[in-house]
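Take a look at the structure set out below.
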Amino acid sequence: MRLLVTGGAGFIGSAVVRAALADGWEVRVLDLAPRPEREEEADDGVVYFRGDVADAGVLDAALGGVGVVCHLAAKVGLEQGIGDAPSYASTNVLATAQLLPALVRHGIRGLVLASSMVVYGDGTYVHPATGRSVRPAPRREADFAEGLFEPRDPDDGAVLLPALTTEDAPTDPRSVYALSKLAQEHLVATWARAGGGTAVALRYHNVYGPGLPRNTPYAGVAALFASSVARGEAPHVFEDGQQRRSFVHVDDVAEATVLAARHAVGGEQGSAGRTAFRAFNVGGPAVQTILDVAEVLARGAGAAAPVVTGQFRAGDVRHITASSAAIAAELGWRPRIGFEEGMGALAAGLRRQGRADGPRAPSAMNAVTASTTAGSETVR
């Protein structure tokens with residue numbers, strides 16, 4: 001079976017290519033970058049097409065003979081505000097809209113979309129007395145000033161408890177990027193339901209691992225902290241560092257994506273256990289805090305211990321953690337790489353990088369950037 005990975009030369013995409021090859025797929029890649037940066041991946045039998053998903057000519061050439069598409073190509077850098085809306089709408093939403101009729105032209109009935117946890121906005125919370133699910137009130141600066149960072153019940157003011165977020169949680173995109181990911185989900189769902197295909201949207205949570213980029217919402221604070229420790233600087237942590245997240249290794253994400261591709265191409269719509277569109281969380285094996293990440297990276301890379309600043313921004317998300325029970329039950333996927341193992345390996349790589357690069361003078365601008373954005377990994 002032939003698989004096309006759009007964005008297959010990127011951080012997550014290249015891992016998906018490796019996993020697909022190991023699983024016996026014939027793989028094609030469509031990416032603006034012509035080939036992977038790592039030499040060992042340049043002679044892997046993959047056919048690379050250089051171009052944009054929105055370019056119909058390149059897209060048609062890449063789709064010839066393909067049975068299923070993993071659509072990972074997207075603009076994922078940290079946005080600067082509403083002024084970035086045209087770029088995100090064009091690269092993420094319009095390009096996906098151009099891909100879908102091409103799938104129809106080529107008779108392709110299976111699609112996997114790289115979505116994101118950011119479609120949820122804030123996480124899931126329950127009332128401490130009743131256990132009922134509650135949409136929290138906006139956090140108050142008066143609480144922040146007293147060192148209380150947990151959200152409250154909008155009715156009685158009770159401090160809420162964080163819980164795992166499942167796929168039936170309400171979506172609440174809070175950025176242009178998040179809105180573009182949710183729009184992609186709606187588009188592919190419409191394609192699947194109208195044309196008898198099968199689409200799977202994978203809501204990746206905090207993805208990390210070798211080759212972690214420094215500017216992606218999927219990685220967020222892990223990337224920011226990695227930048228700090230690579231410079232030999234202490235990571236700066238907002239609030240009290242107890243913000244909860246779900247960190248998942250890129251190799252586990254790749255395995256989930258290939259499993260989803262097999263599901264998407266494996267049967268007709270309406271067959272047992274199959275729906276036209278399904279969204280799944282793809283999260284790590286356990287819940288960690290932001291401070292956990294900073295400590296493991298700093299310790300493993302030989303950098304100074306994290307500094308918990310107590311600084312805050314009222315709009316930041318406090319907790320967002322994934323329940324991956326649905327994808328485990330329906331596709332049989334579970335993360336294999338534990339947090340200490342995976343994040344420790346990333347830290348060791350940063351330490352080796354630091355030795356190879358030699359001593360660096362601290363970058364005041366980068367230090368300020370890391371310390372002022374390390375609270376929410378752009379999920380607000």
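Residue indices begin at 1 and follow the sequence shown. What you see is a predicted model; the values in this text were computed from it and never measured.
- Between the side chain of Thr6 and the main chain of Leu72, a donor-acceptor pair closer than 3.5 Å is present.
- Partner Leu111 forms a side-chain contact (heavy atoms from CB on, under 4.5 Å) with one of Val68, Leu100, Thr96 and no other, that one being Leu100.
- The existence of a salt bridge linking Arg50 and Asp55 is excluded, since no basic side-chain nitrogen approaches an acidic carboxylate oxygen closer than 4.0 Å.
- The CG atom of Leu202 lies 5.0 Å from the OG1 atom of Thr257; values are rounded to the nearest 0.5 Å.
- Nearest approach of Val17 to Val29, heavy atoms of both residues: CG2-CG2, 3.6 Å.
- In this structure, Trp25 contributes its side chain and Ala19 its backbone to no donor-acceptor pair below 3.5 Å.
- Val221 is not listed as a side-chain neighbour of Phe238, based on a closest heavy-atom distance of 4.5 Å or more.
- Two residues are said to be in side-chain contact when any heavy atoms from C-beta on lie closer than 4.5 Å; His186 and Leu182 meet this criterion.
- Under a 3.5 Å cut-off, the side chain of Thr309 and the backbone N or O of Val237 do form a donor-acceptor pair.
- Counting heavy atoms from C-beta outward, Thr198 and Val265 have side chains that stay 4.5 Å or more apart.
- Atom CZ of residue Arg313 and atom CZ of residue Arg139 lie 10.0 Å apart, to the nearest 0.5 angstrom.
- In terms of heavy atoms, Leu21 sits closest to Val27 at CD2-CG2, 3.7 Å.
- Between the side chain of Arg28 and the main chain of Leu4, no donor-acceptor pair closer than 3.5 Å is present.
- Between the side chain of Asp252 and the backbone N or O of Ile337 there is at least one donor-acceptor pair closer than 3.5 Å.
- In this structure, Val93 is a member of the same hydrophobic cluster as Phe277, with clusters built from ILVMFWY side-chain heavy atoms closer than 4.5 Å.
- Heavy atoms only, all atoms of each residue included: Val112 and Ala264 are closest at CG2-CB, 4.4 Å.
- Residues satisfying the side-chain hydrogen bond (donor to acceptor under 3.5 Å, both in side chains) test with Glu26, not counting sequence neighbours, are Arg2.
- Scored by the ring-ring contact (aromatic ring centres under 6.0 Å, His included) test, His71 finds no partners at all (sequence neighbours excluded).
- Residues Met117 and Asn206 form a side-chain contact, since some pair of their non-hydrogen atoms from C-beta on lies under 4.5 Å apart.
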Legend entry - Stepwise side-chain contact (heavy atoms from CB on, under 4.5 Å) test for Thr166 and Thr124: CA-CA 8 Å; Thr166 60; Thr124 300; over 6 Å; no
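- No path of Ile, Leu, Val, Met, Phe, Trp and Tyr side chains, each step under 4.5 Å between heavy atoms, connects Leu179 with Tyr204, placing them in separate hydrophobic clusters.
- Partners of Asp60 under the salt bridge (Lys or Arg N to Asp or Glu O under 4.0 Å) rule, at least two apart in sequence or in another chain, are Arg105.
- Aromatic ring orientation, Phe247 versus Phe339: tilted (interplanar angle from 30° to 60°).
- In this structure Phe312 satisfies the ring-ring contact (aromatic ring centres under 6.0 Å, His included) test together with Phe144, sequence neighbours excluded.
- With hydrogens and angles left out, the side-chain atoms of Gln242 and His319 include no donor and acceptor closer than 3.5 Å.
- Expressed to the nearest 0.5 Å, how far CZ of Phe225 lies from CG of Leu346 amounts to 12.5 Å.
- For the pair Val53 and Gln98, the minimum side-chain heavy-atom distance is 4.5 Å or more.
- In this structure a side-chain-to-backbone donor-acceptor pair under 3.5 Å is present from Ser324 to Gly283.
- To the nearest 0.5 Å, atom CE of residue Met343 and atom NE2 of residue His249 are 9.0 Å apart.
- No continuous path of hydrophobic side-chain contacts links Leu113 to Leu94 [ILVMFWY only; heavy atoms under 4.5 Å].
- Scored by the salt bridge (Lys or Arg N to Asp or Glu O under 4.0 Å) test, Arg140 finds Asp143 as partners (sequence neighbours excluded).
- Interatomic distance, OG of Ser116 versus NZ of Lys181, reported as 7.0 Å (0.5 Å rounding).
- Both Leu291 and Val293 belong to a common hydrophobic cluster when Ile, Leu, Val, Met, Phe, Trp and Tyr are linked at side-chain heavy-atom distances under 4.5 angstrom.
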Legend entry - Lys75/Asp84 under salt bridge (charged side-chain N to carboxylate O under 4.0 Å, His left out): CA gap, chis, key distance, verdict: CA-CA 10 Å; Lys75 181 178 176 63; Asp84 287 336; 6.0 Å; no
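- Taken from CG in Leu224 to CG in Leu297, the straight-line distance is 11.0 Å, to the nearest 0.5 Å.
- Contact record, Val229 with Leu350: CG2-CD1, 3.5 Å, taken as the closest heavy-atom pair.
- Under the side-chain hydrogen bond (donor to acceptor under 3.5 Å, both in side chains) criterion, Tyr120 pairs with Arg203, Asn281, sequence neighbours left out.
- Although no hydrogens or angles enter the test, the distance criterion places no donor-acceptor pair under 3.5 Å between the side chain of Arg262 and the main chain of Val258.
- Under the 4.5 Å side-chain heavy-atom criterion for Ile, Leu, Val, Met, Phe, Trp and Tyr, Leu160 and Val317 are members of distinct hydrophobic clusters.
- Closest non-hydrogen pair, Asn92 versus Tyr177, comes out as ND2-CD1, 4.1 Å.
- Formation of a donor-acceptor pair under 3.5 Å by the Thr91 side chain with backbone atoms of Tyr88 is not found in this model.
- Between Asp251 and Arg18 the shortest side-chain heavy-atom distance falls below 4.5 Å.
- Arg174 places no side-chain N or O within 3.5 Å of a backbone atom of Gly121 that could act as its donor or acceptor partner.
- Side-chain atoms of Arg245 never come within 3.5 Å of backbone atoms of Ile290 as a donor-acceptor pair (strictly under, hydrogens ignored).
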Legend entry - Working for side-chain contact (heavy atoms from CB on, under 4.5 Å), residues Val296 and Arg299: CA-CA 5 Å; Val296 169; Arg299 183 171 62 248; 3.7 Å; yes
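- The two residues Gly241 and Thr289 have their closest heavy-atom pair at O-CB, 3.4 Å.
- A salt bridge is defined here as a Lys NZ or Arg NE, NH1 or NH2 lying under 4.0 Å from an Asp or Glu carboxylate O, and Arg278 with Glu167 fails to meet this definition.
- Side-chain contact between Glu239 and Arg318: present, with at least one pair of heavy atoms (C-beta onward) separated by less than 4.5 Å.
- Counting only heavy atoms from C-beta outward, the side chains of Asp153 and Tyr125 never approach each other to under 4.5 Å.
- In this structure, Arg135 pairs ionically with Asp172, as a charged nitrogen and a carboxylate oxygen lie closer than 4.0 Å.
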